[in-house]
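The structure appears below as structure tokens.
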Amino acid sequence: MPSVALKDRVPFGPKGPLGIVVDPMTWRAAPYLGLAGVLGFGWFAVLAVTVPVSLTLTVVWVGVPLMMATVLMWRGGAMLERRLMRAAFGVRIDDPYRPRPERGVGAHIRWLLADGATWQDLGYLLMLLPLGLVETALSVALWTGSGMLLVQPVLMSLWVATGLHGDLTTQSWPGAFVAMAFGVLLFVVAAYMVRGMAWLHGTLATVLLGGSQEERLRASRARGIDAAEAERRRIERDLHDGAQQRLLSVAVDLGRAQSKFDSEPEVARTLIAQAHAGTKAAIAELRNLARGIHPAILSDRGLDAALSGLAARAPIHVDVSVELAERPPAAVESIAYFIVAETLANMAKHSGATEASVTVLRDHRGVVVDVWDNGIGGALVCPGGGLSGLADRAATIDGVLVLHSPVGGPTLVRAELPCEW
């Protein structure tokens, strides 16, 4: 079973040249990078016309609606780019805009123009031209060059059979196979270049399309509040539907037993036994609920013991490795625990995995939690889903949740939780 370590966090992945070439992420990124120059030129051409014209016409108020439409257009373009970043590079960037006002033209204008994310969107779309041209030029040159070298033996065969020279790099069989070998090497280089450009482009997109640090912090706090409110409602529902109903049944049984204690002692004895069983069931439910809020073993013995307990209750074998020289803050411990608990629960329900591992270690920014399984993959972070809730929980301390789950597996859920020791 692989052990996920910090060295695997480089953008090229841990699989080596063959892994880079066969990784679907490489071939999802390649078409975008090949067309990035076209996208950049298109956006530059549109914005170079609409922005100056609408600004000029605002002098006579005619351009105000046009300017608002232009702003909405580039906002829409930025929102599309965020979706493309996720599809092509696997980079999730949430829309960082302020909440839309309910009414008022002036309020809507301020909502558009006073939001720093609006102008960062414009900067990103303008940046697409030079960045996209470089990406497209490199992509076309590398893929075309490697393709031409790879087909030299085929072209040599056609030349021998038909006498047509075609585009031959060499006119000898040894030279053709040497050219093909260089083509293989250039093909691997092209795949690495695609991943490198994808990482760079995704990083720049995250900075510009993700809004300012203040906006991201506000959004993460809002998601944290929503997650806490959802957790509170869950606890109330579990108490109402579980332990509260059992204790009510116990009270009814005891009341009936008290009324029959003298006249029907055998019935009273049966009711008391029933109440006793109900009390034990209610205690078990309350214990499970308390464990869901904050397990006692986590407070008493730390992450290693708490995660080992989770692994022991999992339906498959789970290796646990906690490499922490000292205990992190309580909030980080709690979030790490519940991320592992929810991930293992999802794995048991949906992944079909036969083995898994949990690794917790420290880097210069805080605690890194990796949960790996060899299941069928295909996991997604959907709004309102379990993984989205984990991302919101991590966001309460400005942490991030990263999911890598190609169809066919394996699945890796990584949580990076910043903290000061």
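Predicted, not measured: the structure shown is a model, and the values here were computed from it.
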Applying side chain to side chain donor-acceptor pair (under 3.5 Å), name anything that partners Ser139, two or more places apart in sequence or on another chain.
none
Determine whether Asp373 and Glu355 make a side-chain contact, defined as any pair of heavy atoms from C-beta on separated by less than 4.5 Å.
no
Could you give me the CA-CA distance, side-chain angles and deciding distance for Arg313 and Leu344, then say whether side-chain contact (heavy atoms from CB on, under 4.5 Å) is met?
CA-CA 10 Å; Arg313 294 193 295 271; Leu344 291 180; over 6 Å; no
In Å and rounded to the nearest 0.5 Å, what is the CG to CG distance from Leu128 to Leu208?
9.5 Å
Are more than 12 heavy atoms from other residues, nucleotides or ligands located less than 6.0 Å from atom NE2 of His276?
no
Could you report the tightest heavy-atom contact between Val322 and Asp304, atom names first, then the distance?
CG2-CA, 3.8 Å
Using 0.5 Å steps for rounding, measure from the OG1 atom of Thr26 to the CZ atom of Arg28.
10.0 Å
Could you tell me if the side chain of Val367 sits less than 4.5 Å from the side chain of Val360, heavy atoms only?
yes
State, with a plain yes or no, whether a side-chain heavy atom of Leu72 is found less than 4.5 Å away from one of Leu112.
yes
Hey, are Asp121 and Arg82 close enough for a salt bridge, meaning a charged N less than 4.0 Å from a carboxylate O?
yes
Could you grab the distance from atom CG of Leu209 to atom OG1 of Thr206, nearest 0.5 Å is fine?
8.0 Å
At what distance, to the nearest 0.5 angstrom, does NE2 of His201 lie from CE of Met85?
4.0 Å
Donor-acceptor pair, side chain of Ser405 and main chain of Thr411, under 3.5 angstrom:
no
Of all the heavy-atom pairs spanning Glu135 and Ala36, show the shortest one and how long it is.
OE1-CB, 3.4 Å
Which residues share a side chain to side chain donor-acceptor pair (under 3.5 Å) with Thr118, sequence neighbours left out
Arg75
Closest non-hydrogen atom pair between Ala191 and Ile20, with its separation
CB-CG2, 3.7 Å
I'd like to know if the side chain of Ser54 reaches the main chain of Val51, judged simply by a donor and an acceptor atom lying under 3.5 Å from each other, with no hydrogens or angles considered.
yes
Which atom of Glu323 lies closest to which atom of Ser321, heavy atoms considered
OE2-OG, 3.2 Å
Can you check whether Cys419 reaches Glu333 side chain to side chain, under 4.5 Å on heavy atoms?
no
For Glu81, all residues meeting side chain to side chain donor-acceptor pair (under 3.5 Å), sequence neighbours excluded
Tyr32, Tyr124
Checking side chain to side chain contact (heavy atoms under 4.5 Å, CB included) against Ile335, which of Leu417, Leu390, Val340, Val369 comes through?
Leu417
Just by modelled atom types, is the Val207 backbone N or O under 3.5 Å from a matching donor or acceptor in the Gln120 side chain?
yes
Any chance you could measure Leu113, atom CG, to Asp115, atom CG, to the nearest 0.5 Å?
10.0 Å
Show, in sequence, the C-alpha distance, side-chain angles and deciding distance for Asp23 and Arg195, and conclude whether the salt bridge (Lys or Arg N to Asp or Glu O under 4.0 Å) test is met.
CA-CA 10 Å; Asp23 193 339; Arg195 296 300 290 266; 3.2 Å; yes
Ser146 side chain to Trp143 backbone, donor-acceptor under 3.5 Å
yes
If you define the side chain from C-beta out and look only at heavy atoms, does anything of Trp74 sit under 4.5 Å from Val46?
no
Between Pro418 and Gly399, which heavy-atom pair has the shortest distance, and what is it?
CD-CA, 3.5 Å
Is there side-chain contact between Leu310 and Leu307, with heavy atoms separated by less than 4.5 Å?
yes
Check: Ser351/Asn346 side-chain N/O donor and acceptor closer than 3.5 Å
no
Could you walk me through whether Thr354 and Ile316 pass the side-chain contact (heavy atoms from CB on, under 4.5 Å) test, one step at a time?
CA-CA 6 Å; Thr354 58; Ile316 64 173; 5.6 Å; no
Output field: ring centroids Trp199/Phe89 closer than 6.0 Å:
no
Atom CG in Asp319, atom CH2 in Trp372: separation rounded to 0.5 Å?
9.0 Å
Could you walk me through whether Val184 and Leu150 pass the side-chain contact (heavy atoms from CB on, under 4.5 Å) test, one step at a time?
CA-CA 7 Å; Val184 172; Leu150 285 171; 3.5 Å; yes
Output yes when a side-chain donor or acceptor of Trp27 lies under 3.5 Å from a complementary backbone atom of Val21, and no otherwise.
yes
Flag the pair Asp370 / Leu412 as yes when at least one side-chain heavy-atom distance between them is below 4.5 Å, and no otherwise.
yes
Is there a side-chain contact (heavy atoms from CB on, under 4.5 Å) between Ile93 and Arg86 once you walk through the steps?
CA-CA 7 Å; Ile93 308 174; Arg86 184 171 181 178; over 6 Å; no
With a 4.5 Å limit on heavy-atom distance, are the side chains of Leu303 and Arg327 in contact?
no
Of all heavy-atom pairs linking Gly145 and Leu186, the shortest is C-CD2, 3.6 Å
